[in-house]
K.L.:
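Let me give you the structure first, and then I'll get to my questions.
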Amino acid sequence: MGRVTTTIPDLWHHYGRSRSETDRDVPDRFRWTWGQDSGPGTEVLGGLDGACVADLGAGAARHAAHLATRHRPARVDAVDSSPAQSAMATDLFGHLAPRLQVVSGDVTAHLQALPATYDVLYSVFGAVDFTDPRELLPRAAAALRPGGRLVFSTLAHYLSGSPAQADVVAGRVGAKTAGGEATTMPRWVLEEQAWVKLLDQAGFTDIAVEVWPATGEGPRTAATLLVSARRAA
């Protein structure tokens, strides 16, 4: 009997596709908040000159392209598990290689394969939101060089308005298959204290959390948690 293989559906196939057809420019600004209209910029990442950086759950790699062109890192890896998102990133910003590298594959496996490689890891509502943090954060710590920095923005509460989880429990949020069928996928929306505990257990220090309130109105606005930490030296 031949080997039976299963294909994981790409639930990000449609995300950002319309925008990619009309907006192909490198963003002028780097924003962390959900509304992309407030909050700090790249300064929270620390020094980037000559740094090895990875965007975890990079999507179309717009943030990564900003870093690669507006700063002087040695390399920015735009890592995403969605083949469609990685293909979109390559189409939009593949010309920025070798400084920007589009990496298609599981983020946790990518980090595990590259111990003590990165100076900076970051996620803007990316893989940190959609990967079990008990698996991702320890591997992020191991992939950082001693003293390396992890920064991520995540939802302070669900888009429905429901409060964040006090325990490490994933909610289910709506998604769509490549064929257009409705489905759901897990998203970790956790309270500040839960994130701090997870980071501490993963080997991080100098943990800080800022809350940036929602700036707009409507059913899909949300406050943002901006979290930063360092790998223990």
Side-chain angles (χ1 to χ4, degrees), residues 6-16 30 32 45 51-68 73-90 92-94 96-97 99-145 148-155 168-173 175 178 184-190 194-195 198-199 201-204 225-231:
T6 58
T7 301
I8 299 174
D10 188 348
L11 303 183
W12 296 96
H13 178 86
H14 299 281
Y15 185 80
F30 188 115
W32 294 94
L45 295 172
C52 187
V53 182
D55 184 333
L56 308 180
R62 295 183 186 276
H63 288 92
H66 174 92
L67 295 185
R75 186 178 89 237
V76 182
D77 291 341
V79 190
D80 204 286
S81 63
S82 163
Q85 291 295 307
S86 295
M88 193 184 308
T90 299
L92 289 169
F93 304 119
L96 299 179
R99 179 167 288 184
L100 172 62
Q101 297 287 339
V102 177
V103 180
S104 180
D106 178 76
V107 172
T108 303
H110 175 81
L111 294 172
Q112 188 172 13
L114 295 172
T117 296
Y118 292 105
D119 301 292
V120 178
L121 298 173
Y122 73 91
S123 173
V124 183
F125 304 102
V128 174
D129 279 29
F130 296 97
T131 309
D132 190 328
R134 293 164 294 194
E135 298 179 6
L136 178 63
L137 295 180
R139 286 165 177 78
L144 284 166
R145 297 182 176 121
R149 193 169 181 83
L150 169 67
V151 184
F152 62 91
S153 58
T154 185
L155 293 175
V168 186
V169 177
R172 303 296 301 187
V173 297
T184 63
M185 61 181 168
R187 184 171 199 163
W188 278 263
V189 181
L190 308 180
W195 285 117
L198 285 163
L199 288 162
Q201 292 173 338
F204 286 95
L225 293 183
L226 180 58
V227 184
S228 63
R230 290 188 182 277
R231 178 186 172 180

K.L.:
In sequence, state the C-alpha distance, the side-chain angles, and the governing distance for Arg75 and Thr117, and then conclude on side-chain contact (heavy atoms from CB on, under 4.5 Å).
P.N.:
CA-CA 11 Å; Arg75 186 178 89 237; Thr117 296; 4.3 Å; yes
K.L.:
Are Thr154 and Asp129 linked by a side-chain donor-acceptor pair shorter than 3.5 Å?
P.N.:
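Yes, Asp129 and Thr154 have a side-chain donor paired with an acceptor closer than 3.5 Å.
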K.L.:
Please check if the side chain of Arg187 supplies one atom and the backbone of Gly171 the other of a donor-acceptor pair under 3.5 Å.
P.N.:
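No: the side chain of Arg187 does not pair with the backbone of Gly171.
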K.L.:
Work out which heavy atom in Ala64 is nearest to a heavy atom in Leu100; give both atom names and the distance.
P.N.:
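In terms of heavy atoms, the two residues are closest at CB-CD1, 3.6 Å.
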K.L.:
Of the non-hydrogen atoms in Arg145 and Arg231, which two are nearest, and what is the gap between them?
P.N.:
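Scanning both residues completely, I find the closest heavy atoms to be O-CD, 3.8 Å.
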K.L.:
Evaluate Gln101 against Val76 for side-chain contact (heavy atoms from CB on, under 4.5 Å), listing each step before the verdict.
P.N.:
CA-CA 6 Å; Gln101 297 287 339; Val76 182; over 6 Å; no
K.L.:
Yes or no on side-chain contact (heavy atoms from CB on, under 4.5 Å) for Val79 and Asp55, after CA distance, side-chain angles and deciding distance?
P.N.:
CA-CA 6 Å; Val79 190; Asp55 184 333; over 6 Å; no
K.L.:
Does any non-hydrogen side-chain atom of Leu92 lie less than 4.5 Å from one of Arg62?
P.N.:
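Of all side-chain heavy-atom pairs linking Leu92 with Arg62, at least one is under 4.5 Å.
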K.L.:
How many angstroms lie between SG in Cys52 and CG in Asp77, if you round to the nearest 0.5 Å?
P.N.:
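Answer for the SG-CG pair, Cys52 versus Asp77, is 6.0 Å.
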K.L.:
In the structure I gave you, are the side-chain heavy atoms of Leu136 and Val128 within less than 4.5 Å of one another anywhere?
P.N.:
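Counting from C-beta outward, Leu136 and Val128 do come under 4.5 Å.
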K.L.:
Tell me, do Leu56 and Thr131 make a side-chain contact under 4.5 Å, heavy atoms counted?
P.N.:
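Sidechains of Thr131 and Leu56: no contact.
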K.L.:
How many angstroms lie between CD in Gln112 and CD in Glu135, if you round to the nearest 0.5 Å?
P.N.:
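Rounded to the nearest 0.5 Å, the CD-CD separation comes to 10.0 Å.
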K.L.:
Applying side-chain hydrogen bond (donor to acceptor under 3.5 Å, both in side chains), run through Asp10 and Ser82 and close with a yes or a no.
P.N.:
CA-CA 6 Å; Asp10 188 348; Ser82 163; 2.8 Å; yes
K.L.:
For the ring pair Trp195 and Phe152, is the centre-to-centre distance below 6.0 Å?
P.N.:
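Yes, the ring centres sit under 6.0 Å apart.
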K.L.:
Which pair of heavy atoms, one from Leu190 and one from Leu225, lies closest together, and at what distance?
P.N.:
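Heavy atoms of Leu190 and Leu225 come nearest at O-CD1, 3.7 Å.
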K.L.:
How many angstroms lie between atom OG of Ser104 and atom CG of Asp80, to the nearest 0.5 angstrom?
P.N.:
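It is 7.5 Å, given to the nearest 0.5 Å.
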K.L.:
What are the two closest non-hydrogen atoms of Ala68 and Arg99, and how far apart are they?
P.N.:
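So the two residues come closest at O-CD, 3.0 Å.
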K.L.:
For a quick test of reading the model, state the closest non-hydrogen atom pair linking Trp188 to Ala170 and the distance between them.
P.N.:
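Result for this residue pair: CE2-CB, 3.5 Å.
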K.L.:
Dump the intermediate steps for side-chain contact (heavy atoms from CB on, under 4.5 Å) on Leu121 and Leu144, then the final yes or no.
P.N.:
CA-CA 8 Å; Leu121 298 173; Leu144 284 166; 3.7 Å; yes
K.L.:
Answer whether the closest heavy-atom distance between the side chains of Leu67 and Tyr122 falls below 4.5 Å.
P.N.:
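Yes - at least one pair of side-chain heavy atoms lies under 4.5 Å apart.
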K.L.:
Whether the side chain of Ser81 engages the backbone of Asp106 through a donor-acceptor N/O pair (distance < 3.5 Å, no angle test) should be reported.
P.N.:
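No; zero donor-acceptor contacts below 3.5 Å.
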K.L.:
Show the nearest heavy-atom pair for residues Leu155 and Phe125, with the distance to one decimal.
P.N.:
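Leu155 and Phe125 have their closest heavy atoms at N-CE2, 3.7 Å.
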K.L.:
So do Val227 and Val151 actually touch side chain to side chain, heavy atoms under 4.5 Å?
P.N.:
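Heavy-atom side-chain distance check fails, nothing below 4.5 Å.
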K.L.:
Within a strict 4.5 Å, meaning less than it, do heavy atoms of the Phe130 and Met185 side chains meet?
P.N.:
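Yes, close enough: below the 4.5 Å cut-off.
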K.L.:
State, with a plain yes or no, whether a side-chain heavy atom of Leu45 is found less than 4.5 Å away from one of Arg149.
P.N.:
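Sidechains of Arg149 and Leu45: no contact.
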K.L.:
Ring-plane angle category for His110 and Tyr118, please: parallel below 30°, perpendicular beyond 60°, tilted otherwise.
P.N.:
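The rings of His110 and Tyr118 sit tilted, inter-plane angle from 30° to 60°.
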K.L.:
Is Asp119 reaching over with its side chain to a backbone N or O of Gly148, donor-acceptor style, under 3.5 angstrom?
P.N.:
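Side chain of Asp119 to backbone of Gly148: no pair is present.
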K.L.:
Rounded to the nearest 0.5 Å, what separates atom OG in Ser153 from atom NE2 in His63?
P.N.:
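Here the rounded value is 7.0 Å.
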